[in-house]
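Being a predicted model, the structure only gives us computed values, none of them experimental. Labels below follow one simple rule: chain letters A, B, ... track the order of the sequence lines, proteins then strands, and each chain is numbered from 1.
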Amino acid sequence: MSYLVDKLPYDPQNPEAIYSYAKKLEGSKFRDACSWVISEESTGYGGNKGHLGQYLEKNYFLYELNSDQNPDFKEAGVELKVTPLKKLKNGHLGSKERIVLNIINYMEVVKEDWNTSSFLHKNSLLLLIFYLFESDKDRLDYLIKFVTLWEYCSVDLEIIRQDWERIVAKIRDGHAHELSEGDSLYLGACTKGITSASSLRDQPHSTIKAKQRAFCLKQKYVNYIISSTIAAEMPTKGIQNTLDVEPFIKDISELKGARSFEEIILDRLSIYSGQTVDEIHELVGGELNNDAKGYYASLALRMLGLKKSKIEEFEKGNVDVKIIRLNQNATPKESMSFPYFKYKEIVEEKWDNSTLLNTIDKKFFFVIYQEDEFGILWFKKGMFWTIPSDDLKKVERVWKETVSRIISGRAADLPRISDSEVCHVRPHARNKEDTCETPDGQQLIKKSFWLNAKYLNEQVANYN
DNA sequence: GCATGATCATGC
DNA sequence: GCATGATCATGC
């Protein structure tokens with residue numbers, strides 16, 4: 001790397017020294033943090049999206065940008081990421097987005113192995129600079145809230161290794177065009193750059209072109225970084241508290257060997273397969289209230305050996321737990337609902353960034369119970385599920401049709417279950433009076449997208 | 001039996 | 001008070 005001054009105000013070979021220097025940014029606006037270093041006209045700030053990182057590199061850390069295989073601070077092995085926070089509904093601060101790491105070179109990554117991977121080389125030690133995003137402000141007026149030097153704990157790094165292996169295996173199998181963030185737990189493969197045909201990339205072992213993707217830390221994982229490191233350091237600064245979670249993996253040794261995190265979960269559950277809910281309750285239910293709505297979800301957590309209400313790995317990996325009840329013919333009784341949408345908001349969205357895409361294109365954990373001919377309920381299995389990319393395209397069609405009908409004043413007549421084999425739209429409200437306004441000013445009952453019961457049936461039946 | 005509409009119960 | 005996950009109810 002080349003420096004912009006003769007003598008840097010920090011030692012670029014020492015991670016702790018870089019961290020200490022970066023730490024002084026806390027509480028400053030970007031503009032103020034750098035004004036004493038370099039004159040206004042040479043700030044290199046063009047007002048473009050995503051350039052705040054480059055701005056700090058040039059004007060605060062005083063070195064020239066590079067985008068090679070090496071970490072930003074090459075000698076220290078430190079990669080710099082400048083990343084936004086947003087105010088959550090509960091008033092706390094959380095991550096605004098995932099952290100995007102290096103771009104996946106499909107042709108090259110398949111030749112790598114984990115220990116010598118370009119990913120690990122570049123992203124083992126992250127200098128994270130969190131600032132508060134505020135849509136109404138000039139970017140240089142954003143406030144830098146806090147800085148941390150992030151290194152993965154051993155269990156997380158092992159899960160990230162498994163994620164990496166799974167992503168690379170899919171590319172080796174010629175399925176780079178079917179990658180999804182839901183394939184993996186903490187480390188995702190997110191789309192990067194424009195998604196038009198011109199940005200499609202070649203992949204090995206298939207002639208189908210694939211969207212450009214990058215490794216990323218999922219948004220939920222970034223929230224975990226925030227709550228675990230920074231809340232402890234600065235409990236009074238409005239950072240969300242540590243979640244009420246419990247890790248499923250208690251010790252790294254459980255993850256060694258050939259089994260993945262998912263396989264370990266499924267194995268643990270499999271010993272209860274075929275037992276009735278009452279029998280399982282005897283074994284692990286304790287004081288659980290079997291009238292409660294969340295009873296079947298709670299029971300599943302007990303089968304997994306957990307006492308608290310949330311699995312830490314699921315929280316960090318954005319895994320959504322859903323209960324599916326089958327009738328005696330092993331068919332799901334009900335379609336599966338997602339949160340309702342607001343008519344006036346959904347029409348402003350683009351599919352690639354839509355709430356529905358974020359809600360559905362992720363990893364699910366289905367806990368499946370089945371009824372017998374006497375109406376007795378028994379536990380069948382657990383199952384991880386991510387929507388296949390072809391089916392996601394069908395969801396996209398339904399979503400676009402929904403938006404176009406709302407725009408043209410037909411919000412009362414949205415896609416029905418017979419219009420798509422994957423999903424449909426129907427009411428999702430507390431009662432008839434629970435309405436929301438359409439763009440043309442009507443009050444209509446709240447509605448949401450649902451996965452068709454029949455479609456769920458196929459997905460559950462085809463799963464091994 | 002299924003599509004569709006409607007609402008319950010919990011928890012934040 | 002409301003969002004959310006889950007399930008009930010009706011009628012074709």
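Checked for salt-bridge contact, A:K363 and A:D183 miss the test: no charged N lies under 4.0 Å from a carboxylate O. Using a 4.0 Å cut-off between a side-chain N of Lys or Arg and a carboxylate O of Asp or Glu, A:K394 and A:D391 qualify as a salt bridge.
Among the nucleotides C:dT7, C:dT4, C:dA3, the one closest to the side chain of A:P339 is C:dT4. Distance from the side chain of A:Y340 is smallest to C:dA3 among C:dA3, B:dA6, C:dT7.
Classification of the A:F314-A:F261 ring pair by plane angle, with boundaries at 30° and 60°, yields perpendicular. Relative ring orientation between A:F364 and A:W385 is described as tilted, the plane-to-plane angle lying within the 30° to 60° band. Aromatic ring orientation, A:F130 versus A:F146: tilted (interplanar angle from 30° to 60°).
Using a 4.0 Å cutoff on non-hydrogen atoms, the parts of residues 404-417 of chain A near DNA chain B are A:R416, A:I417, ordered by number. Shown for residues 430-441 of chain A: residues whose heavy atoms fall under 4.0 angstrom of DNA chain B, namely A:R430, A:N431, A:K432.
A:H428 comes within 4.0 angstrom of a base, heavy atoms only. Across all strands, A:K333 comes closer than 4.0 Å to no nucleic acid atom at all (heavy-atom distances). Across all strands shown, A:S448 has no heavy atoms under 4.0 Å from either base or sugar-phosphate atoms.
Taking the six-membered ring where the residue is Trp, the centroids of A:F379 and A:Y296 are separated by 6.0 Å or more. With ring centers used as reference points, A:Y221 lies under 6.0 Å from A:Y186. The distance between the ring centers of A:Y142 and A:F30 does not fall below 6.0 angstrom.
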